[in-house]
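Computed from a predicted structure; not experimentally measured.
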Amino acid sequence: MPELPEVEVIRAGLEPAVTGATVASVVVYDERSLRRHPGPSEDFIDRLTGRRMLAPERRGKFMWIPLDGGAEVLVLHLGMSGQVLLRDRDTDDLRTRIRLELAHPAHGPLRLNFVDQRIFGSMAIDTLVPTSDQPLQLVPASVAHIARDPLDERFDDATFLARLSRKNTTIKRALLDQTLISGVGNIYADESLWAAEIHYDQPTATLGRTRANALLAEVRTVLTKALAEGGTSFDAQYLNVNGQSGYFAHSLNAYGQQGEPCPRCGRPIVREQFMNRGSHFCPRCQRVR
DNA sequence: TAACCATCCTGTTAGC
DNA sequence: TGCTAACAGGATGGTT
């Protein structure tokens with residue numbers, strides 16, 4: 001499941017390959033991958049073909065590639081199973097939904113395959129607008145509601161903690177709320193909560209400033225470590241732009257570890273249904289209090 | 001206005 | 001062996 005570390009690994013991998021490249025042609029194999037595009041596939045192809053790409057940017061799990069000569073950008077979201085694979089001109093990938101043929105002045109011809117098994121991801125052309133948070137940043141209009149991520153040096157801890165304490169919800173729901181803090185998904189929410197010894201159903205109102213601060217620190221630690229290890233791969237669902245797996249799955253303490261002993265106290269990790277997904281936690285270390 | 005939840009989607013796997 | 005149902009979860013729009 002691509003979360004912040006996985007998306008950042010892909011963004012960084014794309015940067016040297018696409019910056020300065022021109023889009024020679026576009027093929028849309030599955031229109032459903034354009035769900036977030038405001039027009040038909042012909043419009044997507046017309047607006048992208050012939051454009052020169054600039055350095056990719058990211059906010060949370062969304063990334064975008066600015067297009068030369070205007071305020072338009074190519075927005076990418078990987079959803080559950082999206083992959084961006086850089087290939088030579090002859091390489092095909094199973095379940096490629098959209099293909100871009102690129103021409104790079106230094107690297108020559110390059111193929112960008114947008115592969116997506118479950119089609120929760122998407123590509124779209126969008127325009128940049130200023131954000132409401134400070135300092136001002138230009139982001140695609142469809143991304144304007146997404147908060148900064150905790151690895152962004154402009155992330156405002158005080159604002160986050162204040163908003164968190166005012167919410168009438170529970171902590172895992174809050175961590176997954178991309179308008180409050182972005183980039184965290186189910187895996188890293190469970191890992192951060194395990195590290196901070198907080199139960200997923202702890203009400204945000206009773207968490208307290210000290211524990212909230214500690215949780216934010218653990219979120220940063222977990223994301224930073226996962227990023228350093230190239231992201232989390234369980235199977236071929238997440239690969240970097242070169243088709244390689246990340247290694248963070250070897251470092252997981254809670255997510256997917258149901259039945260395994262908690263690395264801290266030895267009690268078996270439990271998995272419960274929560275928000276239409278799984279929540280993994282240690283019933284001894286992580287209690288509502 | 002905020003919180004919650006069904007929905008989208010398909011390859012894999014477990015169960016019969 | 002082959003069929004069916006359950007499962008995985010990010011974002012969103014509709015409902016409460």
Side-chain angles (χ1 to χ4, degrees), chain A residues 1-8 10-11 28-38 58-64 75-84 93-98 114-124 126 132 139-147 149 160 162-193 200-207 219 223 226 231-239 248-249 252 254-259 271-281:
Chain A
M1 285 61 79
E3 303 180 30
L4 186 155
E6 293 77 28
V7 178
E8 176 55 24
I10 291 170
R11 189 209 64 77
V28 177
Y29 294 102
D30 198 320
E31 298 251 356
R32 293 174 296 179
S33 292
L34 291 177
R35 191 177 299 132
R36 290 184 178 88
H37 183 72
R58 182 185 58 76
R59 180 176 270 233
K61 302 170 199 170
F62 285 86
M63 64 180 145
W64 63 91
V75 182
L76 297 94
H77 194 283
L78 303 175
M80 285 287 300
S81 54
Q83 300 173 350
V84 180
D93 287 294
L94 200 63
R95 294 185 278 279
T96 295
R97 310 298 183 186
I98 297 172
F114 181 72
V115 174
D116 192 4
Q117 180 194 112
R118 291 179 217 173
I119 322 184
F120 277 31
S122 65
M123 281 184 162
D126 200 357
S132 56
V139 302
S142 54
V143 181
H145 63 294
I146 302 294
D149 68 66
F160 165 73
R163 287 186 64 198
L164 185 70
S165 68
R166 286 198 299 268
K167 286 191 89 67
N168 178 30
T169 189
T170 52
I171 189 61
K172 186 169 173 183
R173 286 181 191 278
L175 280 182
L176 295 176
D177 180 353
Q178 304 297 303
T179 68
L180 183 67
I181 181 171
S182 70
V184 180
N186 202 41
I187 298 173
Y188 299 120
D190 281 1
E191 288 301 306
S192 303
L193 288 166
Y200 69 85
D201 225 10
Q202 174 82 39
T204 50
T206 60
L207 184 61
V219 169
L223 292 177
T232 301
S233 299
F234 299 107
D235 47 34
Q237 287 303 299
Y238 162 70
L239 301 170
F248 192 72
L252 293 171
Y255 183 87
Q257 307 302 305
Q258 58 271 28
R271 179 183 188 277
E272 288 181 0
Q273 278 293 115
F274 178 73
M275 288 177 76
N276 262 347
R277 61 207 67 193
S279 229
H280 310 75
F281 66 102

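- For B/dT10, neither phosphate oxygen OP1 nor OP2 lies less than 4.0 angstrom from any side-chain nitrogen or oxygen of A/S81.
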side-chain hydrogen bond (donor to acceptor under 3.5 Å, both in side chains) evaluation trace for A/S182 with A/D149
CA-CA 5 Å; A/S182 70; A/D149 68 66; 4.7 Å; no
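- Distance A/I119 CD1 to C/dT12 C1': 17 Å, rounded to the nearest Å.
- Rounding to whole angstrom units, CZ of residue A/R118 and C1' of B/dT7 are separated by 15 Å.
- The one candidate from A/Q83, A/E3, A/M63 that meets the side chain to side chain contact (heavy atoms under 4.5 Å, CB included) condition with A/L78 is A/M63.
- In this structure, A/M123 places its CE atom 17 Å from P of C/dA11, rounding to the nearest Å.
- At C/dG10, one or more side-chain N or O atoms of A/R277 fall inside 4.0 Å of OP1 or OP2 (strictly under the cut-off).
- Among all heavy-atom pairs drawn from A/L207 and A/Q202, the shortest one is CD1-CG, 3.9 Å.
- A sub-4.0 Å separation between OP1 or OP2 of C/dT12 and a side-chain N or O of A/H145 is present.
- Base-pair partner of B/dT1: not found among the strands shown (Watson-Crick or G-U wobble, both distances under 3.5 Å).
- One side chain, A/R36 or A/S122, offers a donor N or O that lies under 3.5 Å from an acceptor on the other.
- The phosphate of B/dA2 has neither OP1 nor OP2 within less than 4.0 Å of any side-chain N or O from A/R166.
- Mapped onto DNA chain B by nearest heavy atom, A/N276 and A/N168 fall at different nucleotides, with A/N168 at the one closer to the 5' end.
- With respect to the salt-bridge test (charged N to carboxylate O, under 4.0 angstrom), the residues A/D190 and A/K172 qualify.
- Taking side-chain N and O atoms only, A/H77 has no distance below 4.0 Å to OP1 or OP2 of C/dG10.
- Here B/dT10 is the nucleotide among C/dA8, C/dG10, B/dT10 with the atom lying nearest to any side-chain atom of A/R97.
- Following rounding to the nearest Å, A/D177 (CG) and C/dG13 (P) show an atom-to-atom distance of 15 Å.
- The interatomic distance linking A/K167 (NZ) with B/dA3 (C1') rounds to 8 Å, in whole Å.
- A/G278 comes within 4.0 angstrom of the backbone, heavy atoms only, and of no base.
- If you take NZ of A/K172 and C1' of C/dG10, they are 13 Å apart, rounded to a whole angstrom.
- A sub-4.0 Å separation between OP1 or OP2 of C/dA11 and a side-chain N or O of A/R35 is absent.
- For A/Q178 and C/dA11, the shortest distance from a side-chain N or O to OP1 or OP2 is below 4.0 Å.
- Comparing C/dC7, C/dG10, B/dT10 against the side chain of A/R32 picks out B/dT10 as the nearest.
- What separates CD of A/Q117 from P of B/dC8 is a distance of 18 Å, to the nearest Å.
- In this structure, A/M80 atom CE and B/dG11 atom P are separated by 14 Å, rounded to whole Å.
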